[in-house]
Amino acid sequence: MTKADIVTEVYEKVGLSKKEASEIVEFVLDTIKNTLKSGQTVKLAGFGNFVVRQKGKRKGRNPKTGEEIEITPRKVVTFKPSMVFKGYVGTGNSFPAEKAAPAGVTAEHK
Amino acid sequence: MTKAELIEHVSEKVDGLSKKQTEVVINTIFDSIKRALSEGDKIEIRGFGSFKIRNRRQREGRNPKSGEPVRVPAKRVPFFKAGKEMKELVDS
């Protein structure tokens with residue numbers, strides 16, 4: 001699945017042209033990106049939280065040459081899925097027959 | 001930023017898009033990602049990132065209260081990997 005499929009779903013659901021749907025999806029994603037750029041967390045209830053985390057410097061290794069290198073401090077984006085989202089993808093080795101979240105899992109996990 | 005704030009921002013910036021429509025658009029985006037993963041599919045959004053399912057093996061855990069060992073069953077969890085553009089933007 002790609003962005004084009006998401007745009008199609010939005011287009012089918014809302015009374016917009018394909019071009020408008022595409023622009024709005026793009027704008028939503030850009031808004032999330034720019035919010036994260038400013039260091040702010042994006043919390044989407046029922047989906048999950050995107051958080052920017054500061055990583056310190058650490059030692060790494062070039063896997064090809066085995067050479068030791070220093071990994072510089074950096075900021076990274078992490079995603080913490082909500083309990084609802086986790087419920088969707090299932091807990092066992094098979095996919096849940098029911099696509100809904102398990103009963104009792106309604107609270108948003110912080 | 002919360003979902004409500006995201007809806008507010010998008011409906012203000014896009015001409016002719018009501019708050020209600022914006023809400024439907026945003027819910028549709030994230031519902032389609034959830035549905036794709038629940039069907040075992042993965043999603044790649046260029047410049048943003050990709051969502052996949054990661055399998056977590058069964059492991060031995062411990063009840064933090066009683067110290068009693070417990071078995072944590074194998075499970076699937078949603079996993080997000082930031083795209084190149086997103087990585088560079090956040091670290092700039």
Side-chain angles (χ1 to χ4, degrees), chain A residues 1-3 5-16 20-21 23-48 50 52 55 72 74-82 84-96 99, chain B residues 1-7 9-11 13-14 16-17 20-22 24-56 58 73-83 85-92:
Chain A
M1 188 174 190
T2 64
K3 193 154 64 189
D5 300 309
I6 295 176
V7 169
T8 304
E9 293 216 23
V10 169
Y11 161 74
E12 283 167 0
K13 203 123 187 197
V14 193
L16 299 164
E20 286 172 312
E23 281 168 2
I24 292 160
V25 169
E26 203 65 57
F27 187 64
V28 169
L29 296 173
D30 281 347
T31 303
I32 295 173
K33 277 199 278 191
N34 288 325
T35 305
L36 292 170
K37 181 185 159 69
S38 74
Q40 225 192 316
T41 297
V42 177
K43 294 184 192 176
L44 302 167
F47 189 75
F50 292 95
V52 178
K55 296 277 199 172
T72 54
R74 64 190 65 199
K75 284 188 217 146
V76 297
V77 177
T78 59
F79 174 68
K80 191 154 189 274
S82 73
V84 178
F85 194 176
K86 284 188 191 171
Y88 263 82
V89 302
T91 50
N93 286 318
S94 60
F95 290 112
K99 296 278 159 54
Chain B
M1 177 179 259
T2 61
K3 187 152 86 182
E5 288 163 351
L6 179 63
I7 292 166
H9 180 83
V10 173
S11 70
K13 288 285 158 73
V14 180
L17 196 68
K20 187 75 212 152
Q21 281 175 310
T22 312
V24 175
V25 169
I26 289 172
N27 284 335
T28 304
I29 295 172
F30 296 104
D31 285 348
S32 59
I33 296 173
K34 280 196 280 195
R35 184 154 28 75
L37 282 194
S38 79
E39 287 163 0
D41 200 358
K42 59 175 191 283
I43 303 99
E44 197 187 320
I45 305 169
R46 278 288 147 79
F48 190 83
S50 58
F51 293 89
K52 275 176 209 183
I53 288 174
R54 283 235 166 138
N55 291 305
R56 296 263 180 264
Q58 173 194 315
K75 59 184 156 199
R76 293 165 181 281
V77 292
F79 179 78
F80 171 73
K81 191 175 167 203
E85 201 191 302
M86 171 82 100
K87 274 189 193 166
E88 288 170 356
L89 193 70
V90 164
D91 194 35
S92 58

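Just so you know, these numbers use all the heavy atoms, side chains as well, and skip hydrogens, waters and symmetry mates.
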- Message: Within the 4.5 Å heavy-atom criterion, are I29(B) and V10(A) side-chain neighbours or not?
- Response: yes
- Query: If you look at every heavy atom in P78(B) and V89(A), which pair is closest and at what distance?
  - Reply: CD-CG2, 3.7 Å
- With a 4.5 Å heavy-atom cut-off, do R35(B) and E9(A) have their side chains touching? yes
- Message: I'd like to check L16(A) versus L17(B) (side-chain heavy atoms, cut-off strictly below 4.5 Å). Are they in contact?
- Response: yes
- Query: Is it true that E85(B) and K33(A) have a side-chain N and a carboxylate O under 4.0 angstrom from each other?
  - Reply: yes
- Centroid-to-centroid, F79(B) to F79(A), below 6.0 Å? no
- Task: Answer yes if the ring centres of F85(A) and F80(B) are under 6.0 angstrom apart, and no otherwise.
- Result: no
- Any side-chain heavy-atom pair from L89(B) and L36(A) closer than 4.5 angstrom? no
- Query: Between V14(B) and F27(A), is a side chain to side chain contact (heavy atoms under 4.5 Å, CB included) present by the stated rule, with each step listed?
  - Reply: CA-CA 9 Å; V14(B) 180; F27(A) 187 64; 3.9 Å; yes
- Message: Return the CD to OG distance between E12(A) and S32(B), rounded to the nearest 0.5 Å.
- Response: 11.0 Å
- Most heavy-atom pairs under 4.5 angstrom with chain B, which of T41(A), T78(A), D5(A), V7(A)? T41(A)
- Query: If you round to the nearest 0.5 Å, how far is OG1 of T35(A) from CD of E5(B)?
  - Reply: 9.0 Å
- Go through N34(A), D30(A), L29(A), V25(A) and name the one with the most non-hydrogen pairs under 4.5 angstrom from chain B. L29(A)
- Any side-chain heavy-atom pair of M86(B) and V77(A) under 4.5 Å: yes
- Query: Step by step, would you call T2(A) with I43(B) a side chain to side chain contact (heavy atoms under 4.5 Å, CB included)?
  - Reply: CA-CA 6 Å; T2(A) 64; I43(B) 303 99; over 6 Å; no
- chain B heavy atoms under 4.5 Å from V42(A): which part of the residue, side chain, backbone, both or neither? both
- Message: On a heavy-atom basis, which atom in A45(A) and which in K3(B) lie closest, and how many Å separate them?
- Response: O-NZ, 3.4 Å
- Kindly say whether R74(A) contributes a backbone atom to a donor-acceptor pair with the side chain of D91(B) at under 3.5 angstrom? no
- Task: Output the option from Q40(A), K3(A), K37(A) having the highest count of non-hydrogen pairs under 4.5 Å with chain B.
- Result: K37(A)
- Query: CE/M1(B) to OG/S38(A) distance, rounded to the nearest 0.5 angstrom?
  - Reply: 8.5 Å
- Message: With rounding to the nearest 0.5 angstrom, report the CD1 to CD1 distance, I32(A) to I26(B).
- Response: 7.5 Å
- Would you say V76(A) and V90(B) make side-chain contact, with heavy atoms under 4.5 Å? no
- Message: Test your reading of the model: is there a side-chain donor-acceptor pair from K34(B) to the backbone of G46(A), 3.5 Å cut-off?
- Response: yes
- Query: So how far is it from T22(B) OG1 to I24(A) CD1, rounded to the nearest 0.5 Å?
  - Reply: 7.0 Å
- Item | F48(B) side chain reached by E26(A) side chain, heavy atoms, under 4.5 Å | no
- Item | K13(B) NZ to T31(A) OG1 distance, which is reported to the nearest 0.5 Å | 8.0 Å
